Amino acid sequence: MTNPHDHAHIGGQQLRPESLMMSYGYTPAWSEGAIKPPIFQTSTFVFKNAEEGKAFFELAYGLRQANPDEEMGLIYSRLNNPSLEILEHRLTLWDGAEEAASFASGMAAISTTLLALLQPGDVVLHSEPVYGGSDFFLKNVLRKFGIEAQGFLPTATPEQLEAQAAAIAPGRLAMIFVETPANPTNHLVDLEACAALARQYGSADKPVRLVVDNTFLGPVFQHPLKHGADVVLYSATKFLGGHSDLIAGAALASKPLMKEIKAMRTFMGTMCDPNTGWMLMRSLETLKLRMERAATSAQVIADWLRQHPLVARTYYLTHLEHCPVQQDIYQRHCLSPGSMISFDIKGGEAEAFRFLNALKLIKLAVSLGGTESLAEHPATMTHSDITPADQLEMGITSQMIRLSIGVEDPQDLMLDLSQAFEAVGMPKEVRVAELA
Ligand SMILES: *Cc1c(COP(=O)(O)O)cnc(C)c1O
């Protein structure tokens with residue numbers, strides 16, 4: 001393989017990721033001039049001779065150091081495959097990462113990374129709420145391996161977070177795991193403060209890694225590696241895939257960390273398959289277009305929702321006037337508010353359900369980041385395994401509806417939302433309050 005960076009510049013000027021998504025890391029001459037890379041639908045690769053097979057295995061199993069410019073040879077598709085390698089080279093560009101690995105799902109990326117970087121006796125500090133699968137993995141699966149997960153609430157001040165880290169026995173803190181913006185509240189976590197904490201409590205023998213699930217805004221609108229994160233994780237099922245037709249994940253980090261994560265991927269067998277890798281490359285070509293269009297629509301829709309008489313409050317990243325701390329994090333970390341909107345409908349679960357049942361164009365489904373708009377009820381769906389008391393502490397109400405805005409016409413989406421509000425009718429308590 002040639003160095004993919006050879007084609008990333010013109011006249012010394014670095015080209016932008018969206019300009020490179022169609023070509024980076026692939027040379028048409030490899031495949032009869034095909035402008036698109038073929039799907040390398042193969043389990044194994046033929047060695048030129050036994051000496052080459054030996055050399056490839058020495059490198060793959062770390063039996064010797066690589067020679068300068070030597071890249072790992074192709075052996076078997078659980079270790080590597082050209083469809084995945086091209087995809088992984090392209091994935092590094094948005095986040096400015098040294099290396100990337102693709103996975104069979106977002107949960108495969110999360111679980112493999114955590115198992116690669118943690119060991120018995122370690123403690124993980126993690127933001128709350130996090131994605132339900134991550135929450136279960138942190139609290140129930142890691143415990144079986146003697147790893148303790150400690151959550152911190154969105155309301156924790158930097159001083160409280162520091163006190164929580166200080167209370168952990170010396171040398172046990174190994175990771176700070178953060179999801180920001182948080183699902184479904186869009187609450188932001190200060191990555192720079194977390195990175196400083198990781199440096200303060202880490203040492204050369206026992207580093208504390210900052211691992212960030214960047215599914216909600218990345219990779220176009222937020223770049224955690226630039227704010228001190230060590231690893232960035234994605235559910236590629238969401239914006240990266242973007243068409244609600246595949247399940248995949250990704251991890252990005254420095255070369256030494258990716259070596260550990262990829263070694264664990266080899267032994268867990270959690271890699272992406274070549275066909276899905278190829279689908280993701282196709283999706284990456286329109287990633288920025290899709291995310292920008294969805295965010296532009298979401299901004300219009302969020303502003304419209306905020307003034308709607310049946311909306312009690314919106315949770316959207318440009319509606320943070322009431323919270324200067326959150327606004328400050330937004331300005332430092334985020335390039336756009338993105339396309340996830342949550343709002344509280346006036347009333348309770350009954351009104352939320354009537355609203356969801358009345359939607360026509362917007363589909364009632366979990367997941368997010370696809371071309372089509374989706375709506376769901378976090379309290380009884382995506383976050384239903386969290387107790388009602390904990391939900392309230394995390395800011396998840398029974399009136400909350402989460403929207404993932406797609407690429408439809410925003411006026412059509414508001415037409416649908418409007419008729420759903422009409423179907424709900426004014427809840428009695430709102431009518432009474434407004435008559436008073
Ligand atoms: C969906 C999601 C995941 C899990 O990803 P899968 O691809 O479904 O395994 C993890 N984190 C976040 C924030 C998600 O939205």
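Read the numbers this way: they start at 1 and go in the same order the structure lists the ligands and their atoms. Computed from a predicted structure; not experimentally measured.
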Worksheet item: Among all protein non-hydrogen atoms, which one is nearest to atom 1 (C) of ligand 1, and what is the separation to 0.1 Å?
Response: K238 NZ, 1.4 Å
Fill in: ligand 1 N/O within reach of S235 N/O, cut-off under 3.5 Å
yes
Worksheet item: Does a side chain donor of either Q150 or E148 reach within less than 3.5 Å of an acceptor in the other side chain?
Response: yes
Practice prompt. Just jot down the ligand 1 atoms closer than 4.0 angstrom to any heavy atom of S105, in number order.
Written response: 7 (O), 9 (O)
Discussion item. Only heavy atoms of E179, strictly under 4.0 Å: list the atoms of ligand 1 that pass.
Written reply: 13 (C)
Practice prompt. With the side chain counted from C-beta on, respond yes when L125 and Q164 share a heavy-atom pair under 4.5 Å apart, and no when they do not.
Written response: yes
Item to complete: Any atoms of ligand 1 less than 4.0 Å from a non-hydrogen atom of A248? List them with their elements.
Response: 7 (O)
Worksheet item: Evaluating non-hydrogen atoms only, which member of F137, Y131, Y234 is closest to atom 3 (C) of ligand 1?
Response: Y131
Discussion item. Quick check on contacts: which atoms of ligand 1 are under 4.0 angstrom from a heavy atom of D213?
Written reply: 10 (C), 11 (N), 12 (C), 13 (C)
Worksheet item: For the rings on F343 and F355, is their centre-to-centre separation under 6.0 Å?
Response: yes
Practice prompt. Over all heavy atoms of both residues, which pair between F40 and S31 is shortest? Give the atoms and the distance, please.
Written response: CZ-OG, 4.4 Å
Item to complete: Run the numbers on Q299 and Y316 for side chain to side chain contact (heavy atoms under 4.5 Å, CB included), then give the verdict.
Response: CA-CA 8 Å; Q299 177 75 72; Y316 191 62; 3.8 Å; yes
Item to complete: Just jot down the ligand 1 atoms closer than 4.0 angstrom to any heavy atom of T237, in number order.
Response: 6 (P), 7 (O)
Fill in: Heteroatom distance test (M107, ligand 1): nitrogen or oxygen, under 3.5 angstrom
yes
Worksheet item: Which atoms of ligand 1 are found less than 4.0 Å from any heavy atom of I110?
Response: 10 (C)
Fill in: H126-F152 aromatic ring centre distance below 6.0 Å
no
Fill in: Considering all heavy atoms, the nearest A298-S339 contact
CB-CA, 3.6 Å
Practice prompt. Give the atoms of ligand 1, by number and element, whose distance to some non-hydrogen atom of G106 is under 4.0 Å.
Written response: 5 (O), 6 (P), 7 (O), 9 (O)
Worksheet item: Between R332 and D190, is the closest basic N to carboxylate O distance under 4.0 Å?
Response: yes
Worksheet item: For ligand 1, is there an N or O atom under 3.5 Å from any N or O atom of A108?
Response: no
Worksheet item: Looking only at side chains, do T92 and E99 share a donor and an acceptor under 3.5 Å apart?
Response: no
Worksheet, complete the sentence: Under 4.0 Å between heavy atoms, the region of L233 that gets near ligand 1 turns out to be neither
